[in-house]
Amino acid sequence: MVLNLIFLGPPGAGKGTVAQAVMSEYTLVQISTGDLVRAEIASGSKLGAELAEVINKGQLVEDNLIGQMFENYLKEKISSPSFNGFILDGFPRTIPQADMLKNILSKLGQKLNAVIYIESSKESVVTRLSSRWTCEKCKKVYNTVSLKPKVEGVCDIDGAKLIQRDDDKPQTIAKRYDVFLEKTLPLINYYENEKILFKYDGNVPPKPSIEEAKKIIKSLVLD
Ligand code: AMP
């Protein structure tokens with residue numbers, strides 16, 4: 001069964017961490033538009049320099065541009081013979097992007113199974129993101145309070161260096177949360193109307209959050 005999911009929630013709700021924990025169990029691919037943006041920035045391109053300016057202010061990248069980056073990447077993943085479904089982490093983030101996603105999926109003959117909303121307060125995401133570290137190579141996410149690597153500053157999986165994101169500074173985090181409330185929260189209603197919305201309280205440590213998400217996914221698979 002192909003399983004296509006969206007994880008929705010403010011920055012720091014744990015979308016990436018939960019996605020990484022469930023994707024191997026169901027052989028899903030995680031698609032993070034934030035990672036696509038950061039890869040473009042790392043490439044040193046002119047577009048990358050423009051994107052860096054936008055993301056370091058905590059603002060959103062323009063809908064059509066992010067939609068195009070997403071579509072190209074999704075097409076590549078779907079064309080793989082081992083494709084078994086995806087988890088979208090960070091896309092869509094606005095109503096126009098949700099409309100774009102609908103069109104893209106219908107062109108590619110795919111459907112969405114569920115949108116999982118990980119509810120998290122501003123307070124808990126500010127605390128969480130200021131202690132977040134990411135592997136510069138495999139992108140695994142650690143937390144210096146709740147999900148420590150075995151060796152400080154080093155990824156457990158590949159031994160690469162852990163780095164802190166430029167946009168994980170307290171003022172930028174607060175701004176990103178406000179942008180979430182304004183631009184992304186309306187998607188809850190959007191997907192509630194489509195009767196595919198599930199939600200749980202994400203103001204908890206990673207382990208119980210992962211368990212909640214797994215319960216929802218299991219119920220979809222058994223349906
Ligand atoms: P994330 O890693 O998902 O928090 O994304 C980091 C930053 O990349 C965001 O704060 C935005 O500036 C940009 N970005 C990622 N995904 C999107 C999207 N779907 N729409 C607009 N901007 C995005």
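Bear in mind that the values here come from a model prediction, so they are computed numbers and not experimental data. Ligands are counted one by one from 1 in listed order, and the atoms in each one are counted from 1 as well.
Scanning both residues, P92 and L187, for their nearest heavy atoms gives O-CD1, 3.4 Å. The nearest pair of heavy atoms linking L88 to F70 is CD2-CE1, 3.6 Å.
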| field | Worked check of salt bridge (charged side-chain N to carboxylate O under 4.0 Å, His left out) between E211 and K207 | value | CA-CA 6 Å; E211 288 312 313; K207 224 170 153 198; over 6 Å; no
| Can you list the steps and then say if F83 with V29 is a side-chain contact (heavy atoms from CB on, under 4.5 Å)? | CA-CA 8 Å; F83 177 76; V29 284; 4.1 Å; yes
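On a distance-only criterion, T33 and ligand 1 share at least one N/O pair closer than 3.5 Å. Ligand 1 has no nitrogen or oxygen under 3.5 angstrom from a nitrogen or oxygen of I55.
Looking at L112 and F86, their side chains come closer than 4.5 Å, going by heavy atoms from C-beta outward. The shortest side-chain heavy-atom distance between D89 and V18 does not fall under the 4.5 Å cut-off. For the pair R165/R38, a side-chain contact is recorded, criterion being any heavy-atom separation below 4.5 Å from C-beta on. Side-chain contact between V22 and F7 is present, with at least one heavy-atom pair separated by less than 4.5 Å.
Looking from atom 9 (C) of ligand 1 to the surrounding protein, the closest heavy atom is R93 NH2, 3.8 Å. If you check which protein heavy atom lies closest to atom 23 (C) of ligand 1, you get I66 CD1, 3.9 Å.
The shortest separation from a heavy atom of V54 to ligand 1 is not under 4.0 Å, leaving the residue out of contact.
Of all atoms in ligand 1, numbered sequentially from 1 with element shown, those under 4.0 Å from a heavy atom of R165 are 1 (P), 2 (O), 4 (O), 6 (C). The D167 neighbourhood of ligand 1 comprises atoms 6 (C), with distances under 4.0 Å to a heavy atom of that residue. For ligand 1 and R176, the ligand atoms under 4.0 Å from any heavy atom of the residue are 4 (O), 10 (O). Less than 4.0 angstrom separates some heavy atom of Q97 from each of these atoms of ligand 1: 18 (C), 19 (N), 20 (N), 21 (C). Under a 4.0 Å criterion applied to the non-hydrogen atoms of Q59, ligand 1 contributes the atoms 11 (C), 12 (O).
Heavy atoms of V61 found under 4.0 angstrom from ligand 1 belong to the backbone as well as the side chain. Contacts with ligand 1 closer than 4.0 Å are made by side-chain heavy atoms of R38 only, the backbone lying farther away.
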